[in-house]
Structure formats: structure tokens, C-alpha cells
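Comments concern the structure below.
Every heavy atom of this structure was used, including side-chain atoms; hydrogens, water molecules and symmetry mates were not. The structure presented is a predicted model; accordingly, all values stated were derived computationally and were not measured.
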Amino acid sequence: MLELANFFYPSPIYLIVYIVLAVMIGFIGGYLLRSGIIARHKKRILSLEEEMLSNHSHILTLEKEISDLKNGKSSINGAYPVNQKIGSKTS
């Protein structure tokens with residue numbers, strides 16, 4: 001019966017050890033969870049930055065083609081007219 005009482009009412013030193021252990025496990029678990037989320041976000045950011053750089057280089061290429069067309073250096077095959085309005089239908 002005494003062992004059962006010790007189970008429900010442990011000595012204060014064990015209680016302190018259990019609390020410290022629970023806090024440490026919670027801290028480590030939270031840290032690992034948060035670092036995983038941050039790593040996933042960093043990967044997504046790098047992917048978006050790569051896409052943005054690709055889009056910017058494509059825009060610069062198109063602007064150079066437009067500049068060449070305006071200057072009369074029309075060496076681009078299959079280029080669309082510069083003054084064509086966006087959304088207008090061509091036949």
C-alpha cells in the first residue's frame with residue numbers, strides 16, 4: 001500500500017526532475033518543429049527567387065528585342081509587331 005501511495009505522491013525531487021525533463025522535451029520538440037517549418041519556407045523562397053530571376057531575364061530579352069526592332073535591327077525571326085495592342089485579336 002505504501003508503494004501505491006509513493007506512486008501517486010512522488011517525492012519533490014522526482015517531481016522537479018519530471019518537470020525539467022518535460023520542459024526540455026517540449027523545448028527540443030518545438031525547436032525541431034520550428035526549424036523544419038523554417039527550412040521549408042527557405043526552400044520555397046529560393047524557388048520563388050529563381051522564378052523571379054528567370055522572369056526578369058526574359059523581360060530584359062524581350063525589351064532588347066523591342067529596342068532592336070525600334071532601331072531597325074530587325075534580325076529577330078517571327079517577331080510580333082511592337083505597336084500591337086494587348087488583347088486585340090489578329091487574323
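Rounding to the nearest 0.5 angstrom, the gap separating the NZ atom in K70 from the CD atom in E65 is 13.5 Å. From K42, atom NZ reaches atom CD1 of I45 across 8.5 Å, with rounding to the nearest 0.5 Å. A distance of 15.0 Å separates CD1 in I19 from OH in Y14, rounded to the nearest 0.5 Å. In this structure, CD on E63 lies 12.0 Å from CG on D68, to the nearest 0.5 angstrom. Remark: N71 CG to I66 CD1 distance equals 12.0 Å, nearest 0.5 Å.
Here the options are R44, E50, E49, the test is side-chain contact (heavy atoms from CB on, under 4.5 Å), and the partner is L46; only E49 passes.
No side-chain heavy atom of L60 sits under 4.5 Å from any side-chain heavy atom of K64. For the pair H58/L62, a side-chain contact is recorded, criterion being any heavy-atom separation below 4.5 Å from C-beta on. Side-chain contact between I37 and R34: present, with at least one pair of heavy atoms (C-beta onward) separated by less than 4.5 Å.
The 12-atom threshold is exceeded at CG of L48, counting heavy atoms of other residues, nucleotides or ligands nearer than 6.0 Å.
Not one N or O on the side chain of S47 forms a donor-acceptor pair closer than 3.5 Å with the backbone of K43.
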